[in-house]
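What you are looking at is a predicted structure, and each value in this text was computed from that prediction instead of being measured.
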Amino acid sequence: MMQKLDQVPMGKPSRNVLAMFVGLLFLLGAIGSLHVAANAYDTIMGFHASLFTGFFLLAVIWIAKAAQDGATERGYMDKVIKYGTVASVFWGVVGFIVGLVIALQLAFPMLNFDTSFINFGRLRPLHTSAVIFAFGGNILIASSLYVVQRTCNARLFGGNLAWLVFWGYQFFIVLAATAYLMGGTQGKEYAEPEWYIDIWLTIVWVAYLVVFLGTLIKRKEPHIYVANWFYLAFIVTIAMLHLINNLAVPVSIYSSHSVMYFSGVQDALIQWWYGHNAVGFFLTAGFLGIMYYFVPKRVERPVYSYRLSIVHFWSLIFLYIWAGPHHLHYTALPDWAQTLGMAFSVMLWMPSWGGMINGLMTLSGAWDKLRTDPVVRMLVVSIAFYGMSTFEGPVMSIKAVNSLSHYTDWTIGHVHSGALGWVGMVSFGAIYCLVPWLWGRKRLYSDKLVEWHFWLATIGIVFYIAAMWPAGIYQGLMWRAYDALGFLEYSFVESVAMAHPYFMIRALGGGLFMLGSLVMAYNVYRTIRGDERIGEYGDDAQTVAAE
């Protein structure tokens with residue numbers, strides 16, 4: 001399946017006519033954006049239109065320079081993957097730092113400093129978007145472009161279109177982040193950016209689909225490896241979810257505000273059809289693509305059961321799409337729809353555990369690598385958290401359990417056991433694999449630093465979820481407690497005071513996890529620079545330049 005880079009056929013260079021056409025489109029975009037900036041109704045639109053103008057002009061310059069140079073990267077297109085890997089590390093550190101800040105703000109409200117830009121209400125969507133879409137999205141894009149080339153024995157389709165995907169996605173992140181800090185939001189969970197940012201993301205995502213699907217179509221290998229199935233399902237389904245959930249009518253082309261197409265209970269159902277499947281396909285299917293490539297590759301063993309991986313795929317994507325209504329138990333949503341969501345959520349347990357078993361059993365005959373390779377340990381722990389989270393989720397979707405857990409910090413603990421334990425750990429494992437492979441290093445700069453990262457992250461997650469689980473259960477019990485006269489026994493403020501020690505423990509756990517990401521960033525930097533630590537398991541460690 002794998003060939004040397006110099007054996008891969010070269011792609012045809014982009015024609016000058018096509019480059020001129022694309023450059024003209026960007027130039028027209030710059031002119032239009034400048035016009036909007038000059039006539040904007042509000043500060044956010046004026047600022048973002050100015051950013052669009054600068055981005056489009058830089059794109060025109062880049063296209064002109066690329067056409068003039070005429071240079072084409074030989075073999076697989078790995079340069080854009082290098083950029084994506086580094087971007088993932090950077091945005092991960094940013095997102096984790098912001099998460100620590102808002103955790104401290106909940107424990108110590110004075111840290112909001114009575115300011116608008118850095119209060120909890122604005123930093124919270126910044127944190128979720130940074131860790132999910134910036135950190136997670138970049139490693140998904142980078143790893144998928146790496147995997148699809150190797151498993152298809154083909155260069156990326158579309159030439160420089162992959163660069164539009166990368167830089168366009170970074171620009172989307174900047175637009176979303178600055179909008180949150182300025183108070184711009186359409187008020188939809190995991191879908192906060194306003195209408196024009198949504199349109200830009202749609203363009204970038206379609207380009208991503210074209211690059212990935214085009215590479216699959218022109219593959220030299222007759223078989224499509226299962227990791228590509230999960231990646232493709234993630235790309236296609238997220239596109240569908242994004243388009244439908246973000247249907248809106250702009251107030252004006254000069255305004256950042258819009259009116260959502262759906263309203264009332266229909267809007268709630270569409271939102272959580274989107275919200276839960278953003279978890280199902282962005283945070284699950286996409287990262288399962290990472291698991292199905294990087295775990296077998298790292299332990300040098302085939303997937304335990306390829307048949308099970310196919311059953312896992314089809315059952316997962318069929319069942320997940322129906323589970324969203326479990327977020328709306330005991331609301332105005334019809335009871336049959338709530339029950340339908342609960343039933344499909346419970347059924348999801350089995351295919352999810354099938355995937356977990358498949359990932360763990362891939363280590364058959366290679367369990368010793370858990371002792372000798374900290375990256376394998378990180379990948380295996382991520383699979384364990386995947387199994388735990390995909391059991392806890394179906395349990396919490398049951399109406400009787402949900403009546404206690406909903407709106408409490410139990411849900412926060414559940415989300416972060418999946419986000420930090422599953423998504424975070426498998427992403428770290430993929431990064432530790434990709435960096436030496438992409439930069440041609442024999443190994444990471446330091447396996448000891450990977451060990452430190454592993455234990456800081458794992459202990460941090462344990463502190464986090466061990467604090468949020470009891471805090472959430474206490475909250476649920478306090479909110480449903482009545483006295484003999486039928487009045488609420490506890491005020492909401494009393495439940496907040498009860499949770500304060502748990503909030504501090506949560507912040508401690510988040511701080512450890514964030515510290516681990518800084519260790520990773522340093523390790524990645526030294527590896528990319530070419531430093532190699534010799535004898536780190538001996539008495540003294542020396543640093544020499546790598547060959």
Side-chain angles (χ1 to χ4, degrees), residues 189-190 237 241 265-285 287-288 311-312 314-357 383-423 461 464-482 488 490 495 498-499 502:
E189 185 73 3
Y190 307 134
T237 309
L241 298 168
V265 71
Q266 289 81 11
D267 182 54
L269 179 60
I270 294 295
Q271 160 59 31
W272 284 111
W273 170 75
Y274 165 91
H276 192 74
N277 287 294
V279 174
F281 288 87
F282 200 100
L283 297 177
T284 302
F287 289 94
L288 285 170
V311 173
H312 176 208
W314 285 111
S315 55
L316 194 78
I317 66 168
F318 176 74
L319 294 175
Y320 235 122
I321 206 76
W322 298 89
H326 76 229
H327 288 266
L328 298 169
H329 285 329
Y330 304 106
T331 67
L333 189 71
D335 189 65
W336 68 265
Q338 299 177 35
T339 304
L340 181 73
M342 178 184 71
F344 275 90
S345 300
V346 172
M347 286 190 287
L348 267 171
W349 175 25
M350 283 298 100
S352 298
W353 272 30
M356 175 194 67
I357 293 168
I383 299 171
F385 272 106
Y386 172 64
M388 183 185 71
S389 299
T390 52
F391 171 73
E392 184 184 25
V395 169
M396 293 176 70
S397 73
I398 299 171
K399 286 186 176 181
V401 179
N402 197 265
S403 66
L404 176 68
S405 70
H406 204 41
Y407 306 116
T408 73
D409 283 316
W410 183 359
T411 303
I412 308 304
H414 164 66
V415 168
H416 283 78
S417 69
L420 303 182
W422 158 238
V423 173
I461 296 168
Y464 196 113
I465 59 179
M468 291 297 96
W469 282 340
I473 294 172
Y474 284 149
Q475 287 168 341
L477 292 174
M478 292 178 73
W479 296 345
R480 61 164 59 175
Y482 293 88
L488 288 174
Y490 302 100
S495 71
M498 174 278 302
Y502 299 102

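Distance check, rounded to the nearest 0.5 Å: CE of Met347 to OG of Ser397 gives 10.5 Å. The CD1 atom of Ile412 lies 13.5 Å from the CD1 atom of Ile465; values are rounded to the nearest 0.5 Å. Between Tyr320 atom OH and Asn277 atom CG the span is 8.0 Å, to the nearest 0.5 Å. One finds the CD1 atom of Ile383 at 11.5 Å from the CD1 atom of Ile357 (value rounded to the nearest 0.5 Å). Expressed to the nearest 0.5 Å, how far CE of Met388 lies from CH2 of Trp353 amounts to 11.0 Å. His406 NE2 to Leu404 CG: the interatomic distance, rounded to the nearest 0.5 Å, is 12.0 Å.
No donor-acceptor pair under 3.5 Å is formed between the side chain of Thr284 and the backbone N or O of Phe281. Listed for the Tyr330 side chain is a donor-acceptor partner under 3.5 Å among the backbone atoms of Lys399. Between the Gln475 side chain and the Asp409 main chain, a donor and an acceptor come within less than 3.5 Å of each other.
Shortest non-hydrogen contact noted between Leu319 and Pro351 is CD1-CG, 3.9 Å. Nearest heavy-atom pair across Glu189 and Tyr274 is O-CE2, 3.7 Å. The minimum heavy-atom distance between Gly413 and Trp469, with the atom names listed, is C-NE1, 4.2 Å. Pairing each heavy atom of Pro470 with each of Ala466, the nearest pair is CD-O, 2.9 Å.
Ser389 and Ser417 form a side-chain donor-acceptor contact under 3.5 Å, judged by distance and modelled atom types alone.
Heavy-atom contacts from other residues, nucleotides or ligands closer than 6.0 Å to CH2 of Trp272 number more than 12.
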| message | With ring pair (Phe, Tyr, Trp, His ring centres under 6.0 Å) as the criterion, how do His276 and His326 come out once you've worked through the C-alpha distance, each side chain's angles and the decisive distance to 0.1 Å? | response | CA-CA 9 Å; His276 192 74; His326 76 229; 4.4 Å; yes
| message | Is there a side chain to side chain contact (heavy atoms under 4.5 Å, CB included) between Val401 and Trp410? Walk through the geometry before answering. | response | CA-CA 11 Å; Val401 179; Trp410 183 359; 3.8 Å; yes
| task | Begin from the C-alpha positions of Trp479 and Tyr407 and carry the test side chain to side chain contact (heavy atoms under 4.5 Å, CB included) through to its verdict. | result | CA-CA 10 Å; Trp479 296 345; Tyr407 306 116; 4.1 Å; yes
| field | Check against side chain to side chain contact (heavy atoms under 4.5 Å, CB included), Leu269 and Leu333 | value | CA-CA 8 Å; Leu269 179 60; Leu333 189 71; 4.0 Å; yes
| query | Could you walk me through whether Phe391 and Trp349 pass the ring pair (Phe, Tyr, Trp, His ring centres under 6.0 Å) check? | reply | CA-CA 6 Å; Phe391 171 73; Trp349 175 25; 5.1 Å; yes
| side chain to side chain contact (heavy atoms under 4.5 Å, CB included) between Tyr386 and Leu288: does it pass, once the steps are laid out? | CA-CA 10 Å; Tyr386 172 64; Leu288 285 170; 3.7 Å; yes
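Proximity of Arg480 to Ser403: side-chain heavy atoms (C-beta onward) are separated by under 4.5 Å at one or more points. Counting heavy atoms from C-beta outward, Thr237 and Ile321 have side chains that approach closer than 4.5 Å. Using a 4.5 Å heavy-atom cutoff, the side chains of Phe318 and Phe344 are in contact. Contact annotation: the side chain of Leu316 approaches that of Ser352 to within less than 4.5 Å [non-hydrogen atoms, C-beta and beyond]. Two residues are said to be in side-chain contact when any heavy atoms from C-beta on lie closer than 4.5 Å; Ile473 and Thr408 fail this criterion.
Ring geometry for Trp422 versus Phe287: interplanar angle over 60°, hence perpendicular rather than tilted (30 to 60°).
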